[in-house]
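The block underneath contains the structure these notes are about, expressed in structure tokens.
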Amino acid sequence: MTLVQQMLRSPRFPQYVRELEDILEAEKDRRRRFQDEVSEQQKAEFINGEVIVHSPVALEHDQVSTNLLVLAKTFATRHELGYVGHEKLLVSLTRNDYEPDVCFFGTAKSSKFRAGQMKFPAPDFVAEIISRSTEHIDRKVKFEDYAAHGVSEYWIIDPRKRTVELYVLAGDRYGSARKVKDGTIRSRAINGFVIPVRALFDAKENLRVLQGILNET
């Protein structure tokens, strides 16, 4: 029996509903303040009613994030597939606001973007680079939220272990992970985007793959 079903069977159900409405209204107020006050200098997210301010990232996190951004953005731009965003772009979902490390919007969504836009819908692809302080959020709350909002592909990248976990949406949930440490990875959301795993962690390999994308005929 689900929690909702248990509540429905209780004579206190109307009271529970009123309490939930009060909680959600207070949360909406906090979220509005967050959206008004968060600055371009902050790495901050609004998650389940709380403002989460992130600490500066480690070198390996920045390297992986930048390596993926450069390759994905160059490929998507060259083939006119859509828009690739990075870190400070605010993805605003039903309850939460996230700043994904790297995300991609196909042309169906990105063609509607306008100058000055500050909030964005659920992307088609998200990659999060995990750290000890954020791993639980990336693997739990974001994992569930991205799936619920139709993010068709989710990569979880571990810069210390040099691994990539690929999740593809099946219905409203992600299927089993495909975990890779070597060889190539192919994105389903970014059509035709295939890169060696090593290109995310090695600067020379990243440059080689970038040159290949730029030299495509």
Side-chain angles (χ1 to χ4, degrees), residues 43 45 54 56-79 81-89 91 98-106 122-214 216:
K43 170 73 172 178
E45 298 177 309
H54 296 287
V57 299
L59 175 63
E60 59 269 23
H61 181 292
D62 185 67
Q63 289 171 331
V64 172
S65 180
T66 302
N67 286 343
L68 177 56
L69 171 69
V70 167
L71 296 181
K73 195 170 190 70
T74 302
F75 185 87
T77 301
R78 185 170 178 79
H79 295 280
L81 298 176
Y83 183 80
V84 176
H86 187 233
E87 290 197 353
K88 282 304 297 172
L89 187 147
V91 169
Y98 303 120
E99 294 185 347
D101 290 319
V102 178
C103 60
F104 164 79
F105 304 86
D124 297 299
F125 166 96
V126 168
E128 297 285 8
I129 294 90
I130 61 174
S131 64
R132 290 184 177 88
S133 63
T134 66
E135 184 170 5
H136 66 291
I137 296 174
D138 296 331
R139 291 192 178 281
K140 294 182 179 180
V141 178
K142 289 186 178 181
F143 188 91
E144 181 179 352
D145 214 1
Y146 288 153
H149 285 83
V151 177
S152 61
E153 187 172 5
Y154 184 31
W155 291 11
I156 296 179
I157 305 174
D158 189 328
R160 299 185 303 278
K161 297 180 180 178
R162 295 195 165 198
T163 59
V164 183
E165 295 172 35
L166 288 79
Y167 296 91
V168 176
L169 200 62
D172 61 352
R173 298 179 184 276
Y174 290 121
S176 299
R178 177 179 169 236
K179 190 172 183 177
V180 292
K181 192 168 185 176
D182 50 31
T184 60
I185 46 177
R186 176 186 297 272
S187 172
R188 293 192 185 183
I190 309 175
N191 187 37
F193 184 60
V194 184
I195 59 171
V197 176
R198 190 164 153 245
L200 297 176
F201 307 104
D202 182 273
K204 290 184 178 179
E205 180 68 3
N206 186 271
L207 180 59
R208 184 190 70 79
V209 175
L210 177 62
Q211 290 172 333
I213 294 173
L214 292 171
E216 287 177 351

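- Between atom OG1 of residue Thr66 and atom CG of residue Leu200 there is a gap of 11.5 Å, rounded to the nearest 0.5 Å.
- No donor-acceptor distance shorter than 3.5 angstrom exists from the side chain of Asp138 to the backbone of Glu128, with no hydrogens or angles considered.
- Ser187 approaches Trp155 most closely through the heavy-atom pair CB-CZ2, 4.1 Å.
- Distance check: Ile130 CD1 to Asp101 CG gives 10.5 Å after rounding to the nearest 0.5 Å.
- Put simply, the side chain of Ser152 gets close to the backbone of Asp124: a donor and an acceptor are under 3.5 Å apart.
- For the atom pair CG of Asn67 and CD1 of Ile157, the computed distance is 9.5 Å after rounding to the nearest 0.5 Å.
- Considering CG of Asn206 and CD of Gln63, their distance stands at 10.5 Å, rounded to 0.5 Å.
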Walk me through it: do Glu99 and His54 pass the test side chain to side chain donor-acceptor pair (under 3.5 Å)? CA-CA 10 Å; Glu99 294 185 347; His54 296 287; over 6 Å; no
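- Side chain of Ser65 to backbone of His61: no donor-acceptor contact under 3.5 angstrom is found.
- Just one of Phe125, Phe75, Phe104 meets the ring-ring contact (aromatic ring centres under 6.0 Å, His included) condition when paired with Phe193; it is Phe75.
- Proximity of a side-chain donor or acceptor of Glu165 to a complementary backbone N or O of Ile156 within less than 3.5 Å is not detected.
- In this structure, CG on Leu71 lies 9.5 Å from CD on Glu205, to the nearest 0.5 angstrom.
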